[in-house]
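Here the structure is laid out as C-alpha cells; the discussion comes afterwards.
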Protein chains: 2
Amino acid sequence: MVTIKDVAKLSGFSIKTVSRVVNNLSEVSPETRQKVQHAISELGYQPNTMARSLVIGRTNTVGVIIPHSAEYIFAHPFFTEVLRGIAEVLSANNHNLLLYLAYEKVPYSRVFIQRQVDGLILMSIPIGDPNLHGIHESGVPFVCTCRITEDDQITNYVDADFTGGVEQGMEYLLSLGHRRIAILPGPMSLVSVRLRLRGYQNAWRKHRLAEPEDYVLEGEFSSESGHALAVKAMSLPNPPTALICGDDLIAFGAIQALKEMGYRVPEDISIIGFDDINLARFSSPPLTTVRQDTYLKGRIAAETLLTLMRGKCPSSPRQILLDTSLVIRNSTAPAQNL
Amino acid sequence: MVTIKDVAKLSGFSIKTVSRVVNNLSEVSPETRQKVQHAISELGYQPNTMARSLVIGRTNTVGVIIPHSAEYIFAHPFFTEVLRGIAEVLSANNHNLLLYLAYEKVPYSRVFIQRQVDGLILMSIPIGDPNLHGIHESGVPFVCTCRITEDDQITNYVDADFTGGVEQGMEYLLSLGHRRIAILPGPMSLVSVRLRLRGYQNAWRKHRLAEPEDYVLEGEFSSESGHALAVKAMSLPNPPTALICGDDLIAFGAIQALKEMGYRVPEDISIIGFDDINLARFSSPPLTTVRQDTYLKGRIAAETLLTLMRGKCPSSPRQILLDTSLVIRNSTAPAQNL
DNA sequence: AAAATAACTGACAACGTTGTCATTAAATTA
DNA sequence: TAATTTAATGACAACGTTGTCAGTTATTTT
C-alpha cells in the first residue's frame with residue numbers, strides 16, 4: 001500500500017508538505033507542489049480515508065436507514081426515486097452514502113456514535129419507534145423522509161402533504177358528482193396512511209356531507225391488496241361509485257378487479273391513485289392520480305441534512321411539507337347512477 | 001466522545017483488556033469481563049470504526065457502483081430488487097453497503113485504494129468502460145451483476161441468461177404458430193440487449209426459419225419507447241403478429257399502443273415481456289413474460305463477493321448465469337391470419 | 001517443594017493521516 | 001542597516017484502536 005510517507009520520500013519533502021499538496025492548501029510553493037504532485041501520480045497515491053477521518057473527526061458519509069421489517073419499502077417504486085434524489089445530492093457535495101437495513105433491535109444511532117457517519121436520513125420509521133429516543137440523545141444530525149406522528153413536532157422531516165393530496169383527489173371526485181366514494185388508504189400502521197385518511201374526512205366535512213360508513217378499506221401498498229379490496233368494496237350493500245387509493249399499485253389492482261367483475265372504468269367506477277409512478281400513464285385506462293415528487297423529496301432531505309451537518313443543530317426542527325398535484329387521466333368520469 | 005480510554009479508567013483495567021472484552025476474546029477472566037462490560041454500558045461506549053479499520057486494514061464495507069450516466073437504472077424496477085438482495089446478504093454478514101454514483105471520469109477503483117471498501121459490486125457497466133482496467137490493476141475483489149461483453153471471460157459476474165430467456169419466449173410464440181415475430185430488445189448499447197437479440201436469432205436458426213427483416217426495433221427500457229416502437233412495428237409493410245420485448249416496461253407501452261390502434265391483445269397480437277416485475281400480473285391483459293430472479297441475482301452477487309474477499313482472488317473468474325423461466329399469462333394466444 | 005505451565009493482564013508501538021508549533025529563508029518595513 | 005513581517009517547510013504529537021510481547025499471578029506437574 002502506497003502511503004503519504006512513500007510520496008514524501010520520493011519527492012524529498014516532508015509528510016506534512018505532501019499532506020498540504022493533497023489537501024490543496026495555499027501555503028506551498030508552486031515548484032514544490034509540482035514535484036510532489038509528480039511523485040503522487042508516479043506512485044498512484046491515494047490518501048487513506050480511515051486515517052484521515054480518524055484525525056479530522058468526520059467521515060463525509062451520510063447513513064440512510066431503511067427499516068427492514070418493512071420489506072415493501074424496497075419493493076415500492078417510490079423508494080428508488082427518493083434514494084436517487086438523496087444519492088445525487090450527496091454525490092454532488094462529495095459525501096458518501098451508507099445504506100443500512102435497520103432491524104428493530106439495532107439502534108440506528110449506533111452508527112453515528114461509532115463515527116461511521118456524520119448524519120442520518122431515516123427513510124420510513126415505524127410509529128413509536130424506540131430508536132428515536134437514542135437518536136435525539138446522541139445528537140446525530142438527522143432528517144426523516146416521513147413524519148413519525150400525525151402531528152409530528154419533534155423530528156426534522158421532509159414529506160409529501162398526504163392530507164392535502166387526498167383532499168385534491170376528493171374535491172375532484174365530488175366535483176364529478178360522486179357521493180359514494182370509498183378509500184383504500186393502505187396500512188394504517190403508517191402515519192402517511194392516517195394522514196391520507198384525514199384528507200378523506202376533511203373533504204366530507206368541508207362539503208358538509210356525512211362520511212359514508214364502511215367505506216374505509218384498510219390494506220397493504222400492493223396490487224394484490226387493491227384487487228382484494230375492490231372486490232370487497234363492490235360487494236357492500238351500497239357499493240361505491242369511486243375509489244380513492246393510497247397508492248398507484250393499489251389502484252392498478254383495483255382496476256383489474258373491477259374489470260374482472262364486469263365493471264367499466266371509468267364509466268361505471270372512477271379510480272384515483274396516489275404517487276404518479278412512471279407506469280401510471282400506461283395502465284388501462286391511464287390512471288388519474290395524485291402526484292408526489294418523490295425524487296424531490298430525496299433531494300430536499302439530503303440538502304436539509306447537509307445544512308444541519310454544517311451548522312449546529314437548531315432548537316426548532318426543520319419541517320418541510322411538499323405540495324402534491326392532481327394528474328387527471330382517464331380513470332375518472334362523472335358519476336352514473338348504478 | 002467516549003473512548004476506550006474512558007472505559008479503561010472507569011473499570012480500572014487497561015485499554016488492551018477493554019479491547020479484548022469488546023472484541024469478545026476468550027483470554028479475559030469472567031469477573032473482569034463483567035466489570036468492563038458494566039463500565040461500557042455505563043458510559044454508552046461504542047468503538048470508533050475509523051480507528052479500528054485503520055489498524056486492522058479492513059472496513060467491512062462493500063461498495064456498490066451505479067453508473068450515473070444510466071439514470072434509467074435507478075428508475076428501473078429491477079434495480080431495487082438487486083439492491084435488496086445485496087443489502088440483505090451484506091447485512092446478514094455484518095458488512096456495510098456504500099452506494100456510489102459513478103461518473104465516467106472518476107475511476108471506481110479509487111474507493112478501494114482509499115481503503116473505503118474491501119470489495120466492489122458493479123451494477124451495470126457500459127460497454128468498453130475504461131475503469132475496468134484500473135479495477136483489475138488495483139486487485140479489488142469485485143463482482144459484476146452483468147457481463148461487459150457478449151462473451152465476457154474476464155470479470156466475475158452473476159447475470160441472467162438473457163439469450164436463453166428470449167429463446168424460451170420465442171419457442172412459445174413459435175409453438176403458437178407465430179412466424180412474424182418482431183423484437184423490441186431495448187438499447188443496443190447494453191450487452192444484455194445484444195444477448196437478448198442473440199436468443200432471438202438462435203430461435204429462428206434452430207427452427208430453420210429465415211429471420212424476418214426489419215423486425216428488430218431498438219429502443220429504450222421504457223414504456224414510452226415501447227409505445228412508439230409498437231406503432232412503428234404495426235406500420236411496417238408486413239406487420240408482425242407477435243412482439244417479444246426486452247423488458248416488461250416496453251411490453252406495457254406496446255400493449256397500450258396496440259389498444260389505441262384498435263388491435264386486441266392477445267387475439268390479434270401476442271406480447272411477451274421480460275423480467276416479470278410485480279406489476280406484470282396486473283396489466284390488461286396480464287403479461288406473459290420471461291421471469292428473471294433479480295433479487296437472487298443480488299444475493300448471489302453479494303455472496304460471491306464475500307467469498308472472494310475471504311480467500312485470495314482466484315485466477316479464473318467466477319461466472320454465474322441464472323436460469324430464466326417463462327410465465328404464461330394472457331397476453332399471448334395462437335397466431336391468427338390478419 | 002521446586003519447576004513448569006497456563007491464564008490473565010498491561011506497556012508500548014503501530015496504523016496513516018492532520019494539527020500545532022517551531023524553524024528557516026526571503027521579503028518588506030523602519 | 002537592523003528589525004520586522006511574510007512565506008515555506010518540517011518535527012512531533014495526536015486521533016482511537018489493535019498487535020506484539022513481556023510481566024504477573026495462579027495452577028499444574030515433577
Side-chain angles (χ1 to χ4, degrees), chain A residues 1-40 43-61 94 96 110-118, chain B residues 1-40 43-61 94 96 110-118:
Chain A
M1 182 181 184
V2 181
T3 73
I4 199 171
K5 248 181 190 165
D6 303 313
V7 179
K9 196 172 284 176
L10 179 63
S11 65
F13 291 93
S14 71
I15 288 177
K16 182 67 218 199
T17 296
V18 176
S19 171
R20 278 189 264 255
V21 171
V22 170
N23 290 281
N24 212 19
L25 301 183
S26 57
E27 32 184 25
V28 185
S29 78
E31 313 110 79
T32 305
R33 163 162 283 127
Q34 209 222 313
K35 284 178 193 166
V36 170
Q37 265 160 350
H38 187 263
I40 287 176
L43 296 169
Y45 168 72
Q46 294 272 3
N48 182 311
T49 316
M50 299 302 126
R52 171 182 278 166
S53 292
L54 180 58
V55 176
I56 67 176
R58 286 178 295 112
T59 57
N60 286 334
T61 299
N94 290 313
N96 298 310
R110 183 181 52 97
V111 294
F112 176 74
I113 303 173
Q114 292 175 341
R115 304 288 142 173
Q116 284 187 30
V117 301
D118 301 337
Chain B
M1 180 180 184
V2 181
T3 73
I4 199 170
K5 249 181 189 166
D6 302 314
V7 179
K9 197 172 286 176
L10 179 64
S11 65
F13 290 92
S14 72
I15 288 178
K16 182 65 217 198
T17 297
V18 176
S19 171
R20 278 188 264 254
V21 172
V22 169
N23 289 282
N24 212 20
L25 300 184
S26 57
E27 31 183 24
V28 185
S29 78
E31 313 110 79
T32 305
R33 163 161 283 127
Q34 209 222 312
K35 283 179 194 165
V36 170
Q37 265 160 349
H38 187 262
I40 287 177
L43 296 170
Y45 167 72
Q46 294 273 3
N48 182 311
T49 317
M50 298 302 125
R52 172 181 276 165
S53 293
L54 180 58
V55 176
I56 66 176
R58 285 178 296 111
T59 57
N60 285 337
T61 299
N94 291 313
N96 299 309
R110 183 181 52 97
V111 294
F112 176 74
I113 303 174
Q114 293 175 341
R115 304 288 142 174
Q116 285 188 29
V117 301
D118 301 337

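Proteins come first, then strands; the chains are lettered A, B, ... in the order of their sequence lines, and each starts at number 1. Here the structure is a predicted model, which means the values were calculated and not measured.
- When rounded to the nearest whole Å, the span between CD1 of B:I4 and P of C:dG10 equals 12 Å.
- Each of C:dT18, D:dT20, C:dG16 was ranked by its minimum atom distance to the side chain of A:N48; first place goes to C:dG16.
- A 4.5 Å side-chain heavy-atom check between B:Q37 and B:R33 finds at least one atom pair inside the cut-off.
- At the phosphate of C:dT17, neither OP1 nor OP2 sits under 4.0 Å from any side-chain N or O atom of A:S19.
- Annotation: cation-pi geometry satisfied between A:R115 and A:F112 (NZ/CZ under 6.0 angstrom from ring centroid, within 45° of ring axis).
- OP1 or OP2 of D:dT9 has at least one side-chain nitrogen or oxygen of A:S29 nearer than 4.0 Å.
- Across D:dG16, C:dT18, C:dT9, the shortest atom-to-atom separation from the side chain of A:I15 is found for C:dT18.
- Listed candidates were C:dT9, D:dG16, D:dT9. Nearest to the side chain of B:M1 is D:dG16.
- Whole-Å rounding puts the A:K16 NZ to D:dG10 P distance at 12 Å.
- Contacts of A:E31 classified as side chain to side chain contact (heavy atoms under 4.5 Å, CB included), with partners at least two apart in sequence or in another chain: A:S29.
- Whole-Å rounding puts the B:K9 NZ to C:dG10 P distance at 15 Å.
- Distances shorter than 4.0 Å separate some side-chain N or O of B:S14 from OP1 or OP2 on C:dG10.
- At whole-Å resolution of the value, CZ in B:R115 and P in C:dG16 are 9 Å apart.
- Regarding A:F13, its CZ atom lies at a distance of 18 Å from the P atom of C:dT24, rounded to whole Å.
- Side-chain atoms of A:S11 come within 3.5 Å of backbone atoms of A:V7 as a donor-acceptor pair (strictly under, hydrogens ignored).
- Taking only side-chain atoms of A:V55, from C-beta outward, the nucleotide of D:dG16, C:dT18, D:dG10 with the closest atom is C:dT18.
- Distance B:E27 CD to D:dT25 C1': 16 Å, rounded to the nearest Å.
- A distance-only check finds no donor-acceptor pair linking the side chain of A:T32 to the backbone of A:V28 [under 3.5 Å].
- Between C:dC15, D:dT18, C:dT17, one nucleotide has an atom nearer to the side chain of B:L54 than all others, and that is C:dC15.
- Between the CE atom of A:M50 and the CG atom of B:L54 there is a distance of 9.0 Å, given to the nearest 0.5 Å.
- The backbone N or O of B:R20 sits nowhere less than 3.5 Å from a side-chain atom of B:N23 that would complete a donor-acceptor pair.
- Near DNA chain D, meaning a heavy atom under 4.0 Å away, the residues from residues 30-38 of chain A are A:T32.
- Summarising the geometry, the separation between CD on B:Q116 and P on C:dG16 is reported as 16 Å, rounded to the nearest angstrom.
- Judged by distance alone, with hydrogens and angles left aside, B:R20 brings a side-chain donor or acceptor within reach of the base of C:dG10, the pair sitting under 3.5 Å.
- A side-chain donor-acceptor contact under 3.5 Å links B:T49 to the backbone of A:Q114.
- Closest approach to the A:R52 side chain among C:dT18, D:dG19, D:dT17 is made by C:dT18 (side chain taken as heavy atoms from C-beta onward).
- With hydrogens and angles left out, the side chain of B:K5 and the base of D:dG16 share no donor-acceptor pair within 3.5 Å.
- Comparing the end axes of the helix from C:dA1-D:dT30 to C:dA30-D:dT1, each fitted to five base pairs by superposing C1' atoms of four pairs onto the next four, gives an inter-axis angle of 40° (nearest 10 degrees).
- A donor-acceptor pair is defined here as one N or O able to donate and one able to accept, closer than 3.5 Å; such a pair exists between the side chain of B:T61 and the backbone of B:T59.
- Counting only distance, with no hydrogens or angles, the side chain of A:D118 and the backbone of A:R58 share no donor-acceptor pair below 3.5 Å.
- The residue B:V22 sits apart from the nucleic acid: no heavy atom pair falls under 4.0 Å.
- Of the candidate nucleotides C:dT18, D:dT20, C:dT9, C:dT18 has the atom nearest to the side chain of A:N23.
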